[in-house]
Amino acid sequence: VYDRYSWVMPVTLSLLMVSDGSHHVEYEKCTHRLLGVALGKCLPIMVVSFLGVFECISVPRLIAQFCLIVAYVTFFMFVYFNSDMWSYVGCLIAGFGVYQLMAPCDNFDTADYFAGKYKELGAVITAIFIQGFLQAVLQRRSAQDVLVEHMQQLTFSMQEAFQAVFESDVGQLQSALKAAAEHIAAANAVINECDPKLQIWRGRRPPFSMDFGTRSLGYLQLVTAELEMILVAAKDWVPDVAARGDQDAEEVGESTGVLELINSMDGMKQIRMEVSESVQMISEILPLMFADTGDPKIASQMRRPDQVRAAMELQGMGVLYQELSQASRHFRIEREELTNDLRVRVTIVARSLQNVAQHLGKVEEGCIKAAHAWW
């Protein structure tokens with residue numbers, strides 16, 4: 001199978017060893033890589049075999065081969081762009097197979113041709129196994145460890161974002177939301193690799209609960225969305241600039257005074273205490289549950305379900321609405337642009353705080369249910 005001085009294995013291995021940003025072994029991706037490369041090498045042989053009924057140099061063969069190439073590439077590129085599960089496999093099948101569809105017909109049906117393809121396939125599969133083995137031996141962290149790190153950074157960014165809201169710091173809120181968005185994207189990219197069904201061996205660590213993990217991450221994403229709504233209401237609108245700012249720009253929009261107004265209300269003190277307690281609890285508990293789902297000591301740090309439900313209601317919100325209703329009588333009425341109306345912006349911030357409390361409570365409830373299910 002292995003020819004001396006063959007370029008197939010080293011070239012394939014050099015391409016597979018190119019860093020793609022991962023810090024762990026992606027077993028699902030390795031399996032898809034093996035499947036895609038193997039099919040990309042085998043399918044063109046079967047597809048081109050149908051061209052044997054035509055003469056080697058003829059117009060019908062030219063038309064048939066052209067149609068086969070277009071159909072082959074179109075189908076697997078459609079899989080690449082349309083399928084979440086098999087997109088990578090479709091890309092590999094198209095990439096490794098398209099150049100073999102243009103093989104010359106004079107040496108296609110010889111024994112040397114098929115022997116060469118067999119050796120090439122064996123060398124490629126060996127290269128994939130070498131790449132997976134080296135990555136498994138040299139890895140320092142598992143996918144779950146990477147996820148826990150992103151969750152810790154995400155909860156820290158959320159704490160900074162809420163602190164910025166309560167201190168009326170629009171610039172700090174904008175930078176914290178940028179960091180939170182990056183950590184959410186990274187966590188979403190790695191959480192599927194934590195699925196226990198992808199593990200070759202389980203080890204001592206209890207299996208990761210995918211349902212609990214995806215639900216918790218989804219609610220945290222909703223929390224950041226509500227914080228972005230608060231940011232939109234708290235800063236002046238600037239044309240052609242996103243709410244979190246440009247990717248490379250560090251400019252911060254001027255505050256509209258909405259956060260300063262709301263934070264000056266007496267009802268906001270109770271809301272700040274309740275929300276801060278929920279954020280602090282989630283920041284302490286959630287990364288621990290993601291890291292080790294079998295530690296019974298975590299349950300003792302959680303709040304009771306009735307305390308969580310009380311925090312979801314935001315008892316100080318009624319007082320805040322009354323104070324804002326009285327203060328709004330002195331607001332200037334905006335008749336030209338609704339988004340510049342101070343009453344609209346204040347309502348957005350207040351409603352977003354209510355939604356934040358609901359989402360944070362859902363995360364805590366999920367932690368409590370998961371803890372009772374495990375222990």
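This structure is a prediction, so every number in the text was calculated from the model and none was measured.
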*asked:* For M77, I'd like to know if atom CE has over 12 heavy atoms of other residues, nucleotides or ligands within 6.0 Å.
replied: yes

*asked:* If you count heavy atoms of other groups shown closer than 6.0 angstrom to CZ of F156, is the number above 12?
replied: no

*Ignoring hydrogens and angles, state whether a donor on the side chain of Q280 or E284 is under 3.5 Å from an acceptor on the partner side chain.*
yes

*Indicate whether the side chain of Q163 and that of Q159 have a donor and an acceptor atom separated by less than 3.5 Å.*
no

*Under the 3.5 angstrom rule, does the side chain of S325 hit a backbone N or O of Y321 as a donor-acceptor pair?*
no

*Say whether, by atom type as modelled, one donor and one acceptor occur between the side chain of Q100 and the main chain of G97 under 3.5 angstrom.*
no

*Parallel, tilted or perpendicular, as decided by the 30° and 60° cut-offs, for the rings of H183 and H150*: tilted

*asked:* When you measure from the side chain of S175 to the backbone of Q172, do you find a donor-acceptor pair of N or O atoms at a distance under 3.5 Å?
replied: yes

*Can you tell me if CZ on R215 sees more than 12 non-hydrogen neighbours from other groups inside 6.0 Å?*
no

*Looking only at heavy atoms, what is the nearest atom pair of Q152 and P287, with distance?*
CG-CB, 3.7 Å

*With a cut-off of 6.0 Å (strictly less than), are more than 12 heavy atoms of other residues, nucleotides or ligands near NZ of K41?*
yes

_With a 6.0 Å cut-off on the ring centroids, do F76 and Y72 count as close?_
yes

*Is the centre of the Y80 ring less than 6.0 Å from the centre of the Y88 ring?*
no

